[in-house]
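Values below: every heavy atom of this structure, side chains too, minus hydrogens, waters and symmetry copies.
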Amino acid sequence: MSNDLARKYRVDVSTDGITWVQINGVNDFNPNVANNDQDASAYDTDGWSISETTMKSWTATVKALVRRTAGVLDAGLALCKATQLVFGDAQRLYVRWYLRDTGKEAQQGRAIVSYNRSKTGVADLDEVTVEFKGDGALAAVADVAVTTPVPQLVSASPSGAAQNALVTITGAYFTGVTGATGVKFGATNATNYSIVSDAVIVATVPAGTAGAANITVTNGTGTSAALPYTRGS
């Protein structure tokens, strides 16, 4: 049984709960549900205390690195920032979070939003903290449809492997809802392959002549850029 990674969640925001925008650059995410418990002890509880939860509240804190494209702030952060100096409904957004690879464990609610810079030092990357204070219920919702990016390849070892040798390919996006569906050396499919994790595949070099046999990996979304590789004889 493997351990969960803290970075497993994706966070989206919306003005209407229908059209969603992802917050990019998230480097810390902390949702929290708190109970307001009242003492319900009485003479007939035989000296034992009893509590009842009379209310619940929820919050979610997101820290994100500020990113801009051609000078334009990331759309998710821009939507949160728009609440900074306003009141009423304009200060509220819908927010949801879910497992970034599968869309499962989705939760959603409406919240009052605050947006403030959280790193300001001369050597810091610009970072903001967005706080969502629940305005009503936080609820579980249907799985969110997610698309896994095409595979990204980083390395293959050993180099110069010949037919039937095993090659370990490292990268990303080898698993998930649209996991790896094929591995090629040049134009030839690997004899077989095993997906070890989201970042590792072990493949068997197929028949072919020595020389360039650039590696590609395909998943349900598409095919990776070719990773330069030279096979042996």
Side-chain angles (χ1 to χ4, degrees), residues 4-36 55-150 152 172-173 176-178 198 219-222:
D4 279 354
L5 299 176
R7 65 175 184 266
K8 64 183 179 180
Y9 289 108
R10 177 181 288 177
V11 184
D12 300 339
V13 288
S14 170
T15 57
D16 57 10
I18 299 172
T19 302
W20 295 90
V21 180
Q22 181 183 344
I23 298 178
N24 291 304
V26 174
N27 58 10
D28 193 280
F29 172 60
N30 182 28
N32 183 62
V33 176
N35 293 333
N36 181 359
M55 296 186 70
K56 292 179 179 287
S57 62
W58 64 272
T59 59
T61 302
V62 175
K63 292 185 178 181
L65 298 176
V66 176
R67 294 177 174 177
R68 298 179 188 273
T69 301
V72 178
L73 182 63
D74 172 76
L77 287 182
L79 197 54
C80 295
K81 188 177 182 179
T83 70
Q84 193 175 38
L85 301 176
V86 295
F87 296 91
D89 278 351
Q91 194 186 1
R92 291 164 166 80
L93 290 175
Y94 292 91
V95 59
R96 70 180 183 184
W97 54 88
Y98 48 92
L99 297 182
R100 61 187 307 113
D101 291 333
T102 65
K104 296 183 180 300
E105 298 184 21
Q107 292 184 291
Q108 177 180 321
R110 194 168 187 242
I112 295 174
V113 185
S114 64
Y115 177 103
N116 293 287
R117 295 185 69 202
S118 49
K119 284 190 176 179
T120 58
V122 66
D124 290 334
L125 295 174
D126 196 5
E127 179 192 82
V128 294
T129 296
V130 183
E131 294 182 327
F132 298 93
K133 183 176 181 180
D135 183 29
L138 176 67
V141 293
D143 296 349
V144 177
V146 297
T147 301
T148 302
V150 298
Q152 297 177 5
Y173 307 120
V177 290
T178 52
D198 191 58
N219 66 8
T221 304

Closest heavy-atom pair and its distance - Ile18, Asp16: N-OD1, 2.8 Å
Gly17 to Tyr94 - nearest heavy-atom pair and separation: N-CD1, 3.2 Å
Lys104 atom NZ, neighbour heavy-atom count above 12 within 6.0 Å: no
For the student: nearest non-hydrogen atoms of Val144 and Ala106, plus distance: CG2-CB, 4.0 Å
Passing candidate, salt bridge (charged side-chain N to carboxylate O under 4.0 Å, His left out) with Asp126, options Lys119, Arg117, Arg68: Arg117
Pairwise distance CG(Asp28) to OG(Ser118) - rounded to 0.5 angstrom: 9.5 Å
Pair Val66-Val128, side chain to side chain contact (heavy atoms under 4.5 Å, CB included): steps then yes or no: CA-CA 7 Å; Val66 176; Val128 294; 3.7 Å; yes
Reported CG-to-CG distance for the pair Leu93 and Asp135, which is rounded to 0.5 angstrom: 11.5 Å
Nearest heavy-atom neighbours spanning Arg92 and Ile112: NH2-CD1, 3.6 Å
Salt-bridge present (Arg110, Asp89; N to O < 4.0 Å): yes
Any donor-acceptor N/O pair, Arg100 side chain to Tyr9 backbone, under 3.5 Å: yes
Donor-acceptor under 3.5 Å (Gln84 side chain, Tyr115 main chain): yes
Interatomic spacing from CG in Leu73 to NZ in Lys81 - rounded to 0.5 Å: 6.0 Å
Gap separating the CD1 atom of Ile23 from the CG atom of Leu79, nearest 0.5 angstrom: 8.5 Å
pair Tyr98-Val141: side-chain heavy atoms closer than 4.5 Å: no
Atom of Ala64, atom of Leu77 and distance for their closest heavy-atom approach: CB-CD2, 4.1 Å
Donor-acceptor under 3.5 Å (Ser14 side chain, Thr19 main chain): yes
Considering all heavy atoms, the nearest Trp58-Ala137 contact: NE1-C, 3.7 Å
Between CG on residue Asn116 and SG on residue Cys80, distance to nearest 0.5 Å: 11.5 Å
Expected output: side-chain Trp20 to main-chain Val11 donor-acceptor under 3.5 Å: no
Value rounded to 0.5 Å, distance of CZ in Phe132 from OG1 in Thr61: 9.0 Å
